[in-house]
Amino acid sequence: MADADLVELAKRRGFFFGSNGAYGGTAGFYTFGPQGAALKRNVEDAWRDRFTLQEGNREIEAPTVMPEAVFEASGHLDTFDDMLVECAECGSSHRADHLVEAVTDIEDAEALPGEEVEELIADNDIACPTCGAELAGLDVEDFNLMFATDIGPGDGQPGYLRPETAQGIFVEFPRLKEYARGNLPFGITQIGPAYRNEISPRGGLLRLREFTQAELEQFIDPEADEPPLDRVRDVDVRLYPATEQQAEDGDYLDTTIGEAVEEGVIGSPWVGYYLGVAQEWYERIGVDTNRFRFRQHLAGERAHYAADCWDAESEVDGDWIEIAGFAYRGDYDLSKHDAYGDDSFTVFKRYDEPKTVERATVDPDMSVLGPEFGGDAAAVAEALETLAGRDPDAFEGDTVTVEVDGSGGDDAREVAVDAEVANFSVETVTENGEHITPHVVEPSFGVGRTVQTLLAHAYETDEVDGEERTYLSLAPEVAPRDAAVFPLVTNDDRLVALADRVAADLRAAGLAVAHDDSGSIGRRYRRQDEVGTPFCVTVDRDGIEGDGPETVTVRERDSAAQIRVPVDDLAEELAGLRAGGSFDDLLDRYETVETDVETE
RNA sequence: GCACCGUUGGUCCAGUGGUAGGACAUUAGCUUCCCAAGCUAAUAGCCCGGGUUCAAUUCCCGGACGGUGCACCA
């Protein structure tokens, strides 16, 4: 498949094209045309069915603009911020932090302020890797991959377009856990746009500035929850583990999900489970499994939040592209929002049996501490409390000594407090459970890249009756149209009228149907072939003459084989085919139409 | 961001210092009982800005967009 051919077809037939052409175009933005939008929506519906409905998860829809504080917490403000230095000699741009890391012991230069990196470049005489010119004295510029905006009028409140849909789920966790009635595990999904101000958008739909993600955040109790691995234990997968990627003669590991998890190739059973679910889903929507693999991230390429990560990759035009990521994010996101935000990002985990524990507490008599220590009284009380938890024996004497930082910048000092004033006691309390921070498993899908993959994998050419033909072998579930309806010829009003009626009936039955009576029948078949319409319904005279019920012919796209089906059965049969039914079954049940057409 | 190359009807291309031509597609009509058939007609284009010139789609400069490589990034 030549990529240029697919791009040409995509433009000509209305799958996708660069946006804003009338104004010169805008790099990184694509508009889905009528066919592409339908295909994309069907992919989203199939994803929703599998990852939301079949898993018993819940879908939400969060805003695309979020305030700066969210991204301070999530880490995107720092880690999506690249430090670039542009060589004055040759004009090439380089990651300033990477240059510094290469020649110093500093491991995380990204965290340093820009001025400091500039100094380090000068102090270490760092030269341009491209041309060798000195880089000292040049500005280090921040380039943040997030789109910035203002919320509200004037200077407003700084905000950003979300770089991933996930944060919209994480920030609402305190409420979402209520909807799950506090029970782990539960999963929240979201399908929607995300934005990254890419330095250099490339490759059609592959790297866009606005793109659609379908994400599932699976919240689990890492101690207790296990995935229903049996459901996908026997699913065959092609894995490309990190060890194989780094080996000289590294090879794929063809195995099953069950084995891969048992042998520890896939570290997390949860990640393994979703790899299995994804494998089945990709097959269902028409990804060519011979051009598909799961690749483990190398240690160095993992995102800032990911503990272990696998990508789903498809081969498109000779390149492997990432179409989904499966990350074990641990408690990174919820902990950060718990620390930065106001609400509690934990769930209460009830013990099987309430626990009775002895807890050392103090109840300091503030009417004594207040007059005695003035402004330091609160600090003294807090120190007593800490000490009680750490060393209850300290309260056995007449006085207790604790260390407090003096107010007004005084040095730390030791103070003695009457044990009686501290009011130390050991209480017996019943604990029914504890607050835990759930861990997150995140399958995150790129919808546009999936669409691109489906088109690339479905693009076929063959010969029909000696004429070359291009067609898209899209799965009926995702094809933009379910069927097309034609009168075989237009010089017979009966055929035209019945075709109109059949099309209307099929639409009323919920099918997406094209109607076309322009040009020869062969031309109309080819039009539908090119947009991947799986079935063409043709009304001919044989179907309306004679005594029996009205019939029409149904042509299957890939084989061009035809059967004759009663009009009354048509909607039901087409719906069955869309739901995954096999055309071969219909070939058995209905009369085959001889067409003399040969495909090869 | 850098370098090189490119940008002409819907699509793919040809061409020119005096504003353009083909193929396919599309539309209408004729024809037509199963795979891009035929006939007739019609619609439709020089990426944007500036410069040189009597005149620029063509030459020059800049920009936008696209492709490739580098860099960067999911």
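Computation of the quantities below employed the complete heavy-atom set of this structure, encompassing side-chain atoms and omitting hydrogens, waters and symmetry-equivalent molecules. Each chain gets a letter, A, B and so on, in the order its sequence line appears, and its residues count up from 1. Quick caveat, the model's predicted, so the values are computed rather than measured.
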**OP:** Among B:U27, B:C34, B:A25, find the nucleotide with the atom closest to the side chain of A:I521.
**Re:** B:C34
**OP:** Give the nucleotide from the list B:G69, B:A74, B:C12 with an atom nearest to the side chain of A:K11.
**Re:** B:C12
**OP:** Only one of A:T453, A:T289, A:T450, A:D288 passes side chain to side chain donor-acceptor pair (under 3.5 Å) with A:S314; say which it is.
**Re:** A:T453
Subject >> Candidate pair A:R564 and A:T551, rule side chain to side chain donor-acceptor pair (under 3.5 Å), full reasoning >> reply: CA-CA 6 Å; A:R564 185 167 291 283; A:T551 62; 3.0 Å; yes
Original post:
Can you tell me if the side-chain N/O atoms of A:R12 get under 4.0 Å from OP1 or OP2 in B:C24?
Top reply: no
**OP:** Could you say whether A:R494 or A:R13 is positioned toward the 5' end of RNA chain B, judged by the nucleotide with the nearest heavy atom to each?
**Re:** A:R494
Original post:
Using Watson-Crick and G-U wobble pairs whose two distances are both under 3.5 Å, how do you write the pairing of RNA chain B as dot-bracket, with | for links to another strand?
Top reply: (((((((..((((....[..)))).(((((.......)))))....(((((..]....))))))))))))....
Original post:
Angle class for the A:W47/A:F51 ring planes (parallel below 30°, perpendicular above 60°, tilted otherwise)?
Top reply: parallel
Original post:
Hey, does the side chain of A:S518 come within less than 4.0 Å of B:U27's phosphate (OP1/OP2), counting only N and O?
Top reply: yes
Original post:
Side-chain N or O of A:R523 less than 4.0 angstrom from OP1 or OP2 on B:A37?
Top reply: yes
Original post:
Would you say A:F170 and A:R329 make side-chain contact, with heavy atoms under 4.5 Å?
Top reply: yes
**OP:** Nearest-nucleotide wise, let me know which of A:D492 and A:Y23 is further upstream toward the 5' end of RNA chain B.
**Re:** A:D492
Subject >> Partner of A:L454 under side-chain contact (heavy atoms from CB on, under 4.5 Å), chosen from A:L472, A:I323, A:I285 >> reply: A:I285
**OP:** Answer yes or no: does a side-chain N or O of A:S520 lie under 4.0 Å from OP1 or OP2 of B:A36?
**Re:** no
**OP:** Go through the structure and list residues passing salt bridge (Lys or Arg N to Asp or Glu O under 4.0 Å) with A:E467, not counting sequence neighbours.
**Re:** none
Original post:
Can a side chain N or O of A:R527 be found less than 4.0 Å away from OP1 or OP2 on B:A25?
Top reply: no
